[in-house]
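Scroll down for the structure; my scribbles are underneath it.
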Number of protein chains: 2
Amino acid sequence: MHRTKVRVVEDALDANNTIARANRDDFDRYGVTVLNLMSAPGAGKTTLLERAIGEPLERIRVGVLEGDVQGSIDADRLATLHIPVTQLNTGNGFGGECHLDANMVRSALDQIPLTELDMLIVENVGNLVCPAEFRIGEDARAMVCSLTEGEDKPLKYPLMFRACELVVVNKLDLLPHLDVDLDKLLYNIDAVNPGVRTIECSAKTGEGVDALRAWLAELAHRRLQAVA
Amino acid sequence: MHRTKVRVVEDALDANNTIARANRDDFDRYGVTVLNLMSAPGAGKTTLLERAIGEPLERIRVGVLEGDVQGSIDADRLATLHIPVTQLNTGNGFGGECHLDANMVRSALDQIPLTELDMLIVENVGNLVCPAEFRIGEDARAMVCSLTEGEDKPLKYPLMFRACELVVVNKLDLLPHLDVDLDKLLYNIDAVNPGVRTIECSAKTGEGVDALRAWLAELAHRRLQAVA
């Protein structure tokens, strides 16, 4: 029985990868760099985006695809930044899924103004497990890890930490009030994903946000360099 | 295609419910009250359990079934309380699932000393979506919601908040340091699950833990009263 289940899972991931490649081809055609941004619920992805792309990021035109089980709270917040924001709910026709997959993203493509963008940031559903398993056609994956979640999360959810090329450690302002060892958290992140880039920041105070902005700009430039 | 997907999901939930009833029959046979405890990653379930059942809970014999994708960090922590703790990993043979289901719990039953317990607390995988969809044969469901996650979580993950008869609002000690409105969080919880019991607490300072202990004791007494 387990073998059947593993086969079904593998088939689903194969089908997902095929659609992810089709998404990627479309993003490439329009020259849009795509970042899949993941985290646990409440780690601060939206507040961080408000900080990081609230002001123009060089000349890079940024849009957001906002994934949620239901509602549009985060999309409404980001829309005040006057950038293109598209809402994608997994509750409508997708069975309330706990993650975005390539097919869901594909279904939203015609609502995203790709011709007007250089970069699309996809804010995934808050979850440290399944979003890491489904490629959506992105160029890069990053995650936000809140200090409040404790230093053991990389060991408990290693697939997520391994899937990303950037781990943003957020809510640094709370460090004095937590029984959390930042060095141990960084050690654990490096233990499951050796050498991965980390940025320590506070979306509240703005500390570290410049480093995130620089990383995003560099990601967009990667595509330009590849084309040149 | 969507209809097929919905059918598959419904069939899976039907199959799960059948196994959940079998689990429930077994728990009933041994007179064990089962609580399914859920939350997002890092909301403080384990620290709260250390506080709440670290000292004897009247004469109620409590054990824990610890659900994790991988590892046994939390089980190792709880084992120091000298209560029976059983580890259940969804990564071994279950495809790294983001939740516990009835079949996984069933597979662990022979490792749980049911004859020595009055209450079994099942610490589910940290996730605000899928754990709410899968019954495991429990008597009651409760969740821990950390203040740090923000006041909008009930609106973004309503199924989870609706599934529970108790919502523990944890990390109250951090309130002075957060841009979170506690009243608004409580309002949102009540909006999606009108009249649901809430307990405000801090696993760190111990504030509110007595109320949680009283609730757990009352849950165990419910069964005794039903039998009498």
Side-chain angles (χ1 to χ4, degrees), chain A residues 1-3 5-6 8-10 12 39-44 46-47 68-74 77 90-99 103 125-133 145-153 155-160 171 173-174 176-180 203-204, chain B residues 1-3 5-6 8-10 12 39-44 46-47 68-74 77 90-99 103 125-133 145-153 155-160 171 173-174 176-180 203-204:
Chain A
M1 198 177 123
H2 283 165
R3 196 177 298 177
K5 184 162 187 185
V6 169
V8 170
V9 170
E10 283 174 357
S39 82
T46 310
T47 309
D68 286 298
V69 178
Q70 78 174 58
S72 61
I73 295 173
D74 294 343
R77 284 172 60 187
T90 70
N92 303 334
F94 295 113
E97 292 282 0
C98 61
H99 59 274
N103 189 44
V125 178
N127 181 346
L128 285 187
V129 187
C130 301
E133 295 180 51
C145 167
S146 165
L147 261 182
T148 59
E149 294 161 17
E151 64 249 347
D152 60 349
K153 291 303 159 296
L155 307 178
K156 293 180 74 178
Y157 303 90
L159 184 64
M160 173 60 74
K171 306 198 186 179
D173 56 287
L174 292 175
H177 313 293
L178 301 172
D179 294 327
V180 172
K204 186 174 176 178
Chain B
M1 197 177 122
H2 283 166
R3 197 178 298 176
K5 183 160 188 187
V6 170
V8 170
V9 171
E10 283 174 356
S39 82
T46 309
T47 309
D68 286 297
V69 177
Q70 78 175 58
S72 62
I73 294 173
D74 294 344
R77 284 171 60 187
T90 71
N92 303 336
F94 294 112
E97 292 282 0
C98 60
H99 59 275
N103 189 45
V125 178
N127 181 347
L128 286 187
V129 187
C130 301
E133 296 181 50
C145 167
S146 166
L147 262 181
T148 58
E149 294 161 18
E151 64 249 347
D152 60 349
K153 291 303 159 294
L155 307 179
K156 293 180 74 178
Y157 304 90
L159 184 65
M160 172 60 75
K171 306 197 186 180
D173 56 286
L174 292 176
H177 313 294
L178 301 173
D179 295 328
V180 172
K204 185 174 176 178

Q: Start with the C-alpha distance between B:Asp173 and A:His177, add both sets of side-chain angles, then the distance that settles side-chain contact (heavy atoms from CB on, under 4.5 Å), and finish with yes or no.
A: CA-CA 9 Å; B:Asp173 56 286; A:His177 313 293; 6.0 Å; no
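Between chain A and the residues B:Ala40, B:Cys98, B:Ser72, B:Gly150, the most heavy-atom pairs under 4.5 angstrom are made by B:Cys98. Your options are B:Gly126, B:Gly71, B:Ser146, and the one with the most heavy-atom pairs under 4.5 Å with chain A is B:Gly126. Most heavy-atom pairs under 4.5 Å with chain B, from the set A:Asp68, A:Asp74, A:Thr47: that is A:Asp74.
At a 4.5 Å heavy-atom cutoff, A:Leu159 makes no contact with chain B through either its backbone or its side chain. Both the backbone and the side chain of B:Asp179 have a heavy atom closer than 4.5 Å to some heavy atom of chain A. Both the backbone and the side chain of A:Asp152 come within less than 4.5 Å of a heavy atom of chain B. Interface residue B:Pro158: only side-chain heavy atoms are found under 4.5 Å from chain A.
Here the closest heavy-atom approach between residue A:Lys156 and residue B:Ile73 is recorded as CG-CD1, 3.9 Å. Across all their heavy atoms, B:Gly96 and A:Val129 have their closest contact at O-CG1, 3.6 Å.
No side-chain heavy atom of A:Cys130 sits less than 4.5 Å from a side-chain heavy atom of B:Cys130. Looking at heavy atoms from C-beta onward, A:Leu128 lies out of side-chain contact with B:Asn127 at the 4.5 angstrom threshold.
Between atom CG of residue A:Leu155 and atom CD of residue B:Gln70 there is a gap of 8.5 Å, rounded to the nearest 0.5 Å.
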